[in-house]
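Below you'll find the structure, written out as structure tokens, and then a few comments.
Lettering follows sequence order; numbering is per chain, from 1.
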Amino acid sequence: MAPLEPWEKVLVDAEAFPATAHGEISCLVCHEGVQDPDKEVAHTSLVALPSEESEKYCSECHPVISNMFPDSLHAQQTGYWTTLDARSTPENHPEIEEMFGNHCQSCHTTCGDCHVSRPRSAEGGFISGHVFEKTPSMTNNCTACHGSRVGNEYLGKNEGIKSDIHFRQGRMKCTDCHTSHEMHGQTTGCSYCHAELPESEHLPPDHRYDDNDLNFPACEACHWEAAKGQDEIKMHSAHEEDTLACEVCHSASYTSCDSCHVQISEETGNPYFTTEGHYLTFMIGHNPIQSEQKPYEYVTLRHIPVDKDAYEFYGEDLLPNFDALPTWAYTTPHNTQRVAPQAESCNSCHGNADIFLTADKVIAEEVNANQPVIVDSVPPVVK
Amino acid sequence: MTKKIRIIIFILTMFALSLFGCTGATSVPEIPTEEPTEEAAPAPKLAAVVDAVEPNYCLDCHADKERLVKTGEPIVEVKSESEGAG
């Protein structure tokens with residue numbers, strides 16, 4: 001993605017934009033400010049990012065999305081908080097919150113980041129002269145944030161590894177699997193799983209992985225014959241149901257990271273981070289989040305860049321419960337292959353200790369945290 | 001509902017559909033659209049709509065490359081001190 005010139009970022013298409021539904025609305029309705037030829041005056045109490053307050057500026061016409069979205073993972077980043085809370089303690093909350101504000105908040109997503117502009121963390125700028133695009137762009141929106149891991153895998157930018165078959169062969173974009181309902185945090189409601197609860201459209205954001213068939217893209221939803229071992233492929237009926245997640249056989253090596261530390265620069269006052277390692281791995285382990293929706297015993301795991309003293313800059317021992325969660329986390333790599341190396345034959349996997357997360361592959365300080373995912377014995381060679 | 005029951009219902013449904021010769025069934029459930037579309041969206045408040053006669057100084061400037069270049073803030077190069085993958 002080539003960077004945009006500063007003027008390009010804010011250049012409204014004077015023909016295209018006014019011809020759309022939003023272009024018929026006065027700029028001031030969404031951006032406040034004042035009608036005046038002088039820039040300074042015109043920008044008085046300007047709201048540069050109206051969709052930051054979608055309940056105020058969008059809900060009149062998009063009531064459902066605008067009221068749901070603020071609770072979504074993209075808006076709240078609850079996924080971050082779930083893991084931060086588990087590893088820290090309530091007493092450390094103020095320091096963690098300060099850290100979050102400085103280092104994590106920048107990935108907080110507005111409607112505009114998917115529908116109008118490149119995300120601000122990628123320097124911002126209109127995608128098509130302020131026109132609101134119904135379908136977010138894979139590269140200008142999604143991988144501008146999800147680039148270093150998901151994007152590189154999906155588009156085949158990791159050396160020696162082919163792109164995802166859904167991209168290469170199916171020409172599918174992110175939004176072919178990740179629907180508006182998922183992206184907006186619109187769910188089918190709590191009573192879908194909890195019959196006793198009243199009908200409600202709000203699913204708590206920490207239900208990230210408790211998907212139901214409608215909300216999350218699941219391999220099984222599109223390939224149910226494979227999931228049930230009801231096709232011609234021998235590998236699909238070789239195991240008891242719910243033994244191996246699809247990715248265990250279908251993904252190629254994917255990104256793991258080590259040791260991220262965050263800090264504020266003394267020189268510039270800007271936040272920055274350092275990560276020590278960034279490498280390709282393929283590791284099978286036990287499923288740390290087994291549930292009705294994710295029943296598999298074995299899944300792919302990646303090392304996440306968390307570290308006991310990742311937030312040392314903000315205080316001592318801020319993650320006293322470091323061992324509460326594995327540092328080898330559940331992952332769903334985006335580089336699906338028809339025949340990945342570990343599934344070329346039964347014994348590419350059986351008896352192949354290199355691809356199983358056994359205790360010797362975990363650094364000593366992290367062994368406790370990873371007990372739930374460590375594999376004791378590698379499945380034996382099959383005859 | 002357990003996954004099994006849902007799958008059985010699905011298979012039965014597909015069977016029934018094949019019996020009645022209904023085409024166009026897909027294996028991905030259709031997601032109902034809750035969002036009002038154009039007809040359901042209330043018209044913007046009258047005062048909000050740009051009066052064609054009134055000048056729109058915002059658009060005048062934001063559609064004019066020269067003026068945007070002239071009035072743009074100078075770029076301050078901030079070198080990122082981050083190291084490694086983000």
Practice problem: Examine whether an atom of Cys61(B) lies under 4.5 Å from a heavy atom of chain A, and if so say whether it belongs to the side chain, the backbone or both; otherwise answer neither. | Solution: neither
Quiz item: Can you tell which of His31(A), His62(A), Glu32(A) makes a side chain to side chain donor-acceptor pair (under 3.5 Å) with Tyr57(A)?
Solution: Glu32(A)
Quiz prompt | side chain to side chain contact (heavy atoms under 4.5 Å, CB included) partners for Val10(A), two or more places apart | solution = His62(B), Leu68(B)
Quiz item: So, do Phe132(A) and His115(A) have ring centers that fall under 6.0 Å from each other?
Solution: no
Quiz item: In terms of heavy-atom proximity below 4.5 Å to chain B, should His130(A) be classed as side chain, backbone, both, or neither?
Solution: neither
Quiz item: For Lys39(A), does the NZ atom have more than 12 heavy-atom neighbours from other residues, nucleotides or ligands under 6.0 Å away?
Solution: yes
Self-check item: Among the listed options Pro37(A), Pro305(A), Ala14(A), Gly147(A), the residue most often paired with chain B at heavy-atom distances under 4.5 Å
Solution: Pro37(A)
Self-check item: Partner chain B: residue of Pro6(A), Ser180(A), Ala42(A), Ser265(A) with the largest heavy-atom pair count (under 4.5 Å)
Solution: Ser265(A)
Quiz prompt | Region of Asn270(A) that comes under 4.5 Å of a non-hydrogen atom in chain B | solution = side chain
Exercise. Can you sort out the partners of Ser256(A) under side chain to side chain donor-acceptor pair (under 3.5 Å), two or more places apart, ordered by chain and number?
Key: Thr281(A)
